[in-house]
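To keep things clear, I will list the structure first and then write my remarks on it.
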Amino acid sequence: MKTLIEKFSKNVVMIIFGLITIYLATMTIISTCYADRRERAFYAFDSVLPILITELIIFILYYYIKKKGYTCKYKFKLNYFLLFAFILGCIYVFASRIQPSGDQRVVLDIAKQMHYGNYKEFEPDGYMQTYPQQVGLVLFYYFIGFVLGYRNIVAIQLINVVAYVIFIYCIYKIAMHLWKSEKIAMWTSILTVCFIPLLLLTSFIYGTMIGLAASTYALLKAMDFMENQRFKTGLACAVAAAIAMLAKKNYLIVVIAITLLLLLHSFCKKHIKAIAVIAIMIIASFSLGKAATVTMEKLTGITMGDGMPSVAWMTMGLQKGTRANGWYNEYSVKTYMNNNCDTEATAEVAKNDLINRLKEFNKDKLDAANFFTQKLASEWADPTFQCFHLVHNQTKLVRYEQAPRTVANRVIVYALTPYLNILESFVFLGLLMFAFFDFKKIKLWNLLPIVVFIGGFLFHFIWEAKGQYTVCYYVLLFPYCIKGYMEAFKKFDELIETRSSLGFKKQSFLTVVQGLRPICFILVIVISYKVVTLVSPLADYTVKNSNRIYNTYFMSKPITFKTIKGRCRIQAWDSNAYLDIVKDERTGSYNLFMNTEITDSERVNVINQANNLDIYFEDAHFSLNGIKLPKVDETKAQYVRNFYSTGSKWGISQNDDDSFAIKTPDGYCLTRTDDDNALIFEAEEPTSEAQKWRFIMLEPTSTK
């Protein structure tokens, strides 16, 4: 009975994994998704030819090397390889000198504010009350700031480099545990280093790399525990999983996957220790999070709320947006703010919206299919997993809409992105071959990373989507990819030997082609699927003119553009009036207006925030914000809100006459009206003098 349960569970996991892999492999081979620096997704069809040529070269090289009997004179040494990876990470960190932006900068600065007793972001509508899941990361920066300082970004990035090396070590050991083969483990490590996005993520100080290293270590120890039953190993697994969850709540998926496998292991193998490990892991994971919250409350003297409810994120994950389907569109924040930061009221509204959205899917099933096809493509068909997007947003303090035409970006578009595109197809084809050849051979206990991958896939199928979120599950599959190719090489050898025994020469081209049948079979399916897709209603997932838009956006000639940063005053293009704010003493809120007199309250600090600008009024300690704006045709009053608010995101584009337009995230321009120079947001492009602005720099920080 227990053997049947084990076999049934393994078959279910492998079938689900196989179906997901077939879909993702097909999608990544026939198409590619690119996200620009404002996170707008472009979908384009790929040519199968480069992938076909790559696969043929791999098998022909293998055939040639084996025929000639070439062997490597040098033995792979893990310690040296890890040292190489560490040096590589250090070179990247010191050479790039990337500064954080967006939420990274927010949590880092909140930790610094706490050091000086400033707890403004812990107020009811502040950042920490809105995103209480950031408590662990803020506390980490707070305590580490006493040692490293609060602006020592390089030191924190070097911690990420250490996490990067730990991950490579863990993925090597996982491959060794799975296959007991140094060759497979070696190639897994090499593939990990060849996957450039993981290296570039070391500059992303948002808990991603620390959580990835801790969770992978937890998986390694869980697999070791199921093999040797050492309680010390199980304890290490529980602690590592708890640390991963503290760094990023999404790593709850790892805790759930380990729990499920340990439960099955305990039942089928009668190992009671597994139950104890599960209990310790669950208690540690949630207790550590609770301890972080209590510590934060003790430090600030402010009670932490529940923040935005999970159902709000689920609802947003099923909505269309200006970036891509299921991506962040501020629905969760707006709903939370509109319900006066009441978690329960927000949950009720979001639940109703979720039900209505599901009814829409049920009513129009073709629209639902198109929605999820696009969403999955934006998550999994982006071969860069947004790593270049993250790097660009941090290095450029202000970006204009034509910025991707710089020489550096063109190198990325024309060289590294195609390389990663082929590499992604290579990985998914390897996974297909693993699922095809090892379906019956592998044991249930060795599918733990695959269970995590399935959990991540299903989670982000519903939750908020982004390529940078799914990369943590993708890299866990590298050992299975290498194993797939090793098994394919064995089949290749068998077919060649069979052909040779029948009288064919080993050099026969026909023999090589026969040996490549697994790859040819897969690619025939892919090409057939592409033909079917092109003539089906689902062809809409290419967004029709996406190729043309993509080519226009990324592949035009480089241009020269200015960078503005620092303190300045914002002046009307056609008058001497400056953008200013005034406090309403009755309500306590601030409103925008145009002031012809020079005052301190006009002074703003232009700061990059997640590729958009934060226009921060230093005198009032508030930022220009559009989160509570009614519809364009319903208001003339604009508001400002707390610094770091989610809605304080603005774009600044340069016009032909050297004036500038200030745009909302939706592309509407800040516009002065004839009614006492009141301010509204209208029109998607500057059409009048009233939409043009000057930046009067107070410091010499404008550069070419």
Side-chain angles (χ1 to χ4, degrees), residues 1-18 20 169-181 184-185 188 212-245 251-288 431 434-435 438-459 472-473 476-480 483:
M1 178 64 180
K2 294 177 180 179
T3 304
L4 288 176
I5 292 176
E6 179 183 344
K7 185 176 180 181
F8 174 77
S9 301
K10 187 200 77 169
N11 289 342
V12 168
V13 171
M14 285 300 292
I15 289 171
I16 295 174
F17 174 70
I20 293 175
Y169 168 82
C170 291
I171 207 71
Y172 175 91
K173 290 297 184 180
I174 286 175
M176 282 293 294
H177 177 93
L178 288 169
W179 320 120
K180 305 296 187 292
S181 168
I184 294 178
T188 299
L212 177 61
S215 63
T216 311
Y217 185 78
L219 293 175
L220 173 63
K221 290 303 176 182
M223 296 170 74
D224 285 344
F225 173 77
M226 286 186 281
E227 184 175 285
N228 57 41
Q229 290 300 300
R230 293 176 186 167
F231 187 75
K232 183 179 179 181
T233 303
L235 187 61
C237 165
V239 173
I243 293 173
M245 250 193 79
Y251 289 110
L252 174 62
I253 295 171
V254 174
V255 174
I256 294 173
I258 293 174
T259 300
L260 291 175
L261 265 293
L262 285 180
L263 281 174
L264 281 169
H265 180 76
S266 175
F267 177 77
C268 296
K269 303 296 182 181
K270 295 182 180 180
H271 290 156
I272 306 302
K273 289 181 181 179
I275 301 298
V277 171
I278 292 172
I280 294 172
M281 181 175 62
I282 293 175
I283 292 172
S285 297
F286 290 96
S287 296
L288 195 59
L431 295 174
F434 163 76
D438 271 51
F439 185 91
K440 295 181 179 180
K441 299 177 184 177
I442 194 166
K443 296 179 180 179
L444 174 63
W445 327 119
N446 290 335
L447 293 176
L448 183 54
I450 287 179
V451 174
V452 175
F453 163 74
I454 293 173
F457 177 88
L458 296 177
F459 176 73
C472 299
Y473 314 110
L476 294 177
L477 301 177
F478 287 174
Y480 301 98
K483 176 62 173 176

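Side-chain contact between I283 and I280 is absent, with no heavy-atom pair separated by less than 4.5 Å. In this structure, the side chains of L262 and M226 come closer than 4.5 Å at one or more pairs of heavy atoms. Contact check for F453 versus L476: no side-chain heavy atoms found under the 4.5 Å cut-off. When side chains are defined from C-beta on, L252 counts as touching F286, because their heavy atoms get closer than 4.5 Å. Between I184 and P479 the shortest side-chain heavy-atom distance does not fall below 4.5 Å.
More than 12 heavy atoms of other shown residues, nucleotides or ligands fall within 6.0 angstrom of atom NZ in K180. Counting non-hydrogen atoms of other residues, nucleotides and ligands closer than 6.0 Å to CZ of F231 gives a total above 12. Counting heavy atoms of neighbouring residues, nucleotides and ligands inside a 6.0 Å radius, atom OH of Y172 exceeds 12 of them. By the 6.0 Å contact criterion, CZ on F17 is enclosed, its count of non-hydrogen atoms from other residues, nucleotides or ligands being greater than 12.
Separating the CD1 atom in I282 from the CD1 atom in I256 is a distance of 9.0 Å, to the nearest 0.5 Å. For the atom pair CG of L448 and CD1 of I174, the computed distance is 8.0 Å after rounding to the nearest 0.5 Å. The CG atom of L220 lies 7.0 Å from the OH atom of Y217; values are rounded to the nearest 0.5 Å. Taking CD1 of I20 as the reference point, atom CG of L431 lies at 11.5 Å (rounded to 0.5 Å). To the nearest 0.5 Å, atoms NZ (K232) and NZ (K221) are separated by 8.5 Å. Between the CZ atom of R230 and the NZ atom of K273 there is a distance of 10.0 Å, given to the nearest 0.5 Å.
Note: Y480 and F434 meet the aromatic proximity criterion, with ring centroids under 6.0 Å apart.
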(request) Dump the intermediate steps for side chain to side chain contact (heavy atoms under 4.5 Å, CB included) on T259 and M281, then the final yes or no. (result) CA-CA 9 Å; T259 300; M281 181 175 62; 3.2 Å; yes
(request) Might you work through the side chain to side chain contact (heavy atoms under 4.5 Å, CB included) test for N446 and H177, ending with a clear yes or no? (result) CA-CA 8 Å; N446 290 335; H177 177 93; 3.6 Å; yes
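Between Y251 and S215, the closest heavy-atom pair is CE2-OG, 3.5 Å. Across all non-hydrogen atoms, the minimal contact from I442 to K10 is O-CD, 2.9 Å. The two residues I454 and V13 come nearest to each other via the heavy atoms CD1-O, 3.8 Å. Shortest non-hydrogen contact noted between A284 and A238 is CB-O, 4.5 Å. Listed here is the closest heavy atom pair of C237 and A222: SG-CB, 3.7 Å. Closest approach of I243 and A214 over heavy atoms only: CG2-CB, 4.1 Å.
Residues H265 and E227 have side chains that never bring a donor and an acceptor to within less than 3.5 angstrom of each other.
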